Amino acid sequence: MQSKQRSPSFTIKCSETPPSTLTTSAITYNSATLNWSSVSGNDGYKIIYRQENANSWSGFQSNSTSYTLNNLQDETNYLWQIRTNCSNG
């Protein structure tokens, strides 16, 4: 008797495509607005940022396509990254 093998199935519930067109605007001595393009089919965005020479990152969640960082240190360079949130559960 020949046994049948079945492959497990799964469903992708949202897009894990990262946002593009990342820009920083409205830069002042202690704030800056982070902007990115919308990605449909996701559960919001996870943004992390840090001072250029720092070791640790700070992060937050957002459902919009921009966020203003406040209380930044003047004369300091910052780095930021973003990804989409995807809840497959």
Side-chain angles (χ1 to χ4, degrees):
M1 178 175 201
Q2 196 174 27
S3 68
K4 292 183 181 181
Q5 291 186 342
R6 253 182 93 166
S7 297
S9 64
F10 61 93
T11 303
I12 303 287
K13 295 201 180 212
C14 71
S15 172
E16 292 185 17
T17 304
S20 59
T21 317
L22 307 180
T23 62
T24 306
S25 63
I27 300 169
T28 70
Y29 73 95
N30 69 347
S31 68
T33 300
L34 312 178
N35 308 284
W36 56 91
S37 61
S38 178
V39 176
S40 62
N42 70 68
D43 296 322
Y45 306 94
K46 170 72 175 180
I47 300 94
I48 57 174
Y49 71 98
R50 67 177 171 96
Q51 291 182 0
E52 187 172 46
N53 295 321
N55 291 322
S56 62
W57 295 83
S58 297
F60 56 90
Q61 308 274 340
S62 178
N63 288 320
S64 69
T65 57
S66 67
Y67 187 88
T68 300
L69 298 174
N70 293 300
N71 302 314
L72 301 176
Q73 187 171 339
D74 62 340
E75 301 295 323
T76 304
N77 291 327
Y78 285 83
L79 304 173
W80 66 283
Q81 299 177 0
I82 186 169
R83 69 172 175 81
T84 54
N85 287 333
C86 190
S87 299
N88 286 327

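Small disclaimer: the values here were computed from a predicted structure and weren't measured.
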CH2 on Trp80 to OG1 on Thr24, rounded to 0.5 Å: 5.5 Å

Test of ring centre spacing under 6.0 Å for Trp57 and Tyr49: no

Closest approach of Asn63 to Gly44 (non-hydrogen atoms, all atoms of both residues): OD1-CA, 3.4 Å

Euclidean distance, Gln51 CD relative to Leu72 CG, rounded to 0.5 Å: 8.5 Å

Path from Leu34 to Ile48 over hydrophobic side-chain contacts below 4.5 Å: no

Polar side chain donor-acceptor pair, Thr65 to Ser38, under 3.5 angstrom: no

Joint cluster assignment, Tyr67 & Leu79, ILVMFWY side-chain distance < 4.5 Å: no

Distance-only side-chain donor-acceptor flag, Thr33 / Thr68, under 3.5 Å: yes

Non-hydrogen side-chain atoms of Leu69 and Phe60 separated by less than 4.5 Å: yes

Considering all heavy atoms, the nearest Tyr45-Ser37 contact: OH-O, 4.2 Å

Leu22 side, atom CG; Trp36 side, atom CH2 - distance, nearest 0.5 Å: 9.0 Å

Derivation of the side chain to side chain donor-acceptor pair (under 3.5 Å) call for Ser64 and Ser62: CA-CA 6 Å; Ser64 69; Ser62 178; 3.2 Å; yes

Side chains of Gln61 and Asn85, donor plus acceptor under 3.5 Å: yes

Rounded distance [0.5 Å steps], CG in Asn30 versus CD in Gln73: 11.0 Å

4.5 Å side-chain heavy-atom contact, Thr84 and Pro19: yes

Separation between CG of Asp74 and OG of Ser31, rounded to the nearest 0.5 Å: 11.5 Å

